[in-house]
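Take a look at the structure set out below.
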Protein chains: 2
Amino acid sequence: MEVFAALRQHVDKVIPLTDEESARASALFTVKKLRKKQFLVQQGDVCKYESFVVSGCLKSYYTDEQGHDHILRFSVEDWWASDLKSLQTNTPASFSIEAIEPATLLVIDKVGLEKLYVEVPKFEKFFRILNENALTATAQRVINNLSLPAKERYQLFLQAYPRIAQRIPLKDIASYLGITPVFLSQLRKDMMTE
Amino acid sequence: MEVFAALRQHVDKVIPLTDEESARASALFTVKKLRKKQFLVQQGDVCKYESFVVSGCLKSYYTDEQGHDHILRFSVEDWWASDLKSLQTNTPASFSIEAIEPATLLVIDKVGLEKLYVEVPKFEKFFRILNENALTATAQRVINNLSLPAKERYQLFLQAYPRIAQRIPLKDIASYLGITPVFLSQLRKDMMTE
DNA sequence: CGAATTACTTCATCTACTTTAAGGCAAAAG
DNA sequence: CTTTTGCCTTAAAGTAGATGAAGTAATTCG
């Protein structure tokens, strides 16, 4: 099955699996498809799955008291999406995850994950490393938000995710950068004339 | 030994250890003391240790091209401090870690950590969970930085870390919040008169 | 202990970014 | 095919927060 091959290839990059380990792991995941604008989790509900994105694109975003959305991350092919805290502790998710392109996912629930850690202990290490990397990236983002003006943050974003940037509506990029779409539009114009 | 008891108590809160596991783990950590203003790591050097703070207070901060510091986190008793990425990959640390109070640490280097994962596999899970929590907290901080004005971020900080706030110089709090000391001083004044 | 350095405050000026509002364009819905 | 709706752009006015300068309080250190 194609989708499981994608997962294995992804995991193998960090820790090579044996065929048996890969098969055991695959058996615990389920294929899930999302249409555009469909939710994987909605803020306030409990997040049921850790999800590997095989294809498509999701956005994770927090909706504040004034009803404004703030994008935390985009998840495209070969990335993961979930509200870890909600998943682990069965508490309401603090953000939503929604498809901005039709997406194919491999999902695993909490029970499945716990089985996975027992049956294929390598995954304990795999997720530890995955989270370490995510933590590093998020810390870098805090740094950038604190130390760089919007224009430079935008340029960094374009550099870091050139292919993703093409696929994502401007307003979502603005939200990710923490500025208004209006201002991002101005920045773009500035950048053209330079 | 007192300091090791602190570590065990800390780990036990997440995953109870047997006496033997605790002893094996303790054997891999070393006590390290820092005076005020001493560095645990300096930005650009390789981070050699994962460190558990037994007492005192450290700050982790990034120095940007203009020489301005941006505080990422404070680590007090019962917290950890390190540049994970640097430690794991032997690359230059992207931020510094410095004592702002005399501190006692329990440190473990990369080799020690790898031994630890083998000898006491529970630590694999322990650090996975630790990082998950750190990731959640950091994501929340990104959200706050994007969605809240400085005054509310300051109020949240006071609420979340009332005891730490007392011990930390205003300029460091300002740096953590992403504002200038001048502006934080103004905010404080505003808050007095309300 | 006194001198020097470092931390905090206040005020005035400046700028990066927001808000509001209006017009155009493309996709979705009827 | 027409109408609605959402998305992008441009421009003008407003604000949160930065910067610079100057004075006072608090620490550090010889």
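Within every chain, numbering begins at 1; the chains are lettered A, B, ... in the order of the sequence lines, protein sequences first and strands thereafter.
Rounded to an integer number of Å, the gap from A/L184 CG to D/dT10 P is 12 Å. Summarising the geometry, the separation between CG on B/L177 and C1' on D/dA16 is reported as 14 Å, rounded to the nearest angstrom. To the nearest angstrom, P of C/dT18 lies 11 Å from CG of B/L146. Rounded to an integer number of Å, the gap from A/R35 CZ to C/dA28 C1' is 16 Å. Atom CD1 of A/I179 and atom C1' of D/dA16 are 16 Å apart (whole Å). Rounded to a whole Å, the CG atom of A/N145 is 16 Å from the C1' atom of D/dG17. Atom CG of B/D172 and atom P of C/dT6 are 14 Å apart (whole Å). Between B/Q186 atom CD and D/dT15 atom C1' there is a gap of 13 Å when expressed in whole angstrom units.
Non-hydrogen atoms lying under 4.0 Å from DNA chain C are contributed by B/P169, B/L170, B/K171, all within residues 160-171 of chain B.
Nearer the 5' end of DNA chain C, as judged by each residue's closest nucleotide, is the contact made by B/F183, out of B/F183 and A/A150. In this structure, B/K37 and A/R188 both approach DNA chain D, and ranking their closest nucleotides by distance from the 5' end singles out A/R188.
For CD of B/E119, the number of neighbouring non-hydrogen atoms (other residues, nucleotides, ligands) closer than 6.0 Å is greater than 12.
A perpendicular orientation is assigned to the rings of B/F127 and B/Y117, their planes being inclined by more than 60° (bins at 30° and 60°). Note on ring orientation: taking the six-membered ring where Trp is involved, the planes of B/Y161 and B/F157 are tilted (angle from 30° to 60°). Relative ring orientation between B/F126 and B/H10 is described as perpendicular, the plane-to-plane angle rising above 60° on a 0-90° scale split at 30° and 60°.
Checking the phosphate oxygens (OP1, OP2) of C/dT18, a side-chain nitrogen or oxygen of A/T180 falls inside 4.0 Å. Listed pair A/K189 / D/dA11 meets the phosphate criterion, a side-chain N or O lying under 4.0 Å from OP1 or OP2. Within the 4.0 Å cut-off from OP1 or OP2 of D/dA16, not a single side-chain nitrogen or oxygen of B/R153 is found.
Proximity of a side-chain donor or acceptor of A/D83 to a complementary backbone N or O of A/S94 within less than 3.5 Å is detected. Using a distance-only test at 3.5 Å, with no hydrogens or angles considered, a donor-acceptor pair links the side chain of B/D12 to the main chain of B/L17.
Nucleic acid contact class of B/K36 (heavy atoms, under 4.0 Å, all strands): sugar-phosphate only. Using a 4.0 Å heavy-atom criterion, one finds that B/P149 contacts the sugar-phosphate atoms exclusively.
Shown are B/W80, B/F4, B/W79; of these, the ring pair (Phe, Tyr, Trp, His ring centres under 6.0 Å) with B/F52 is made only by B/W80.
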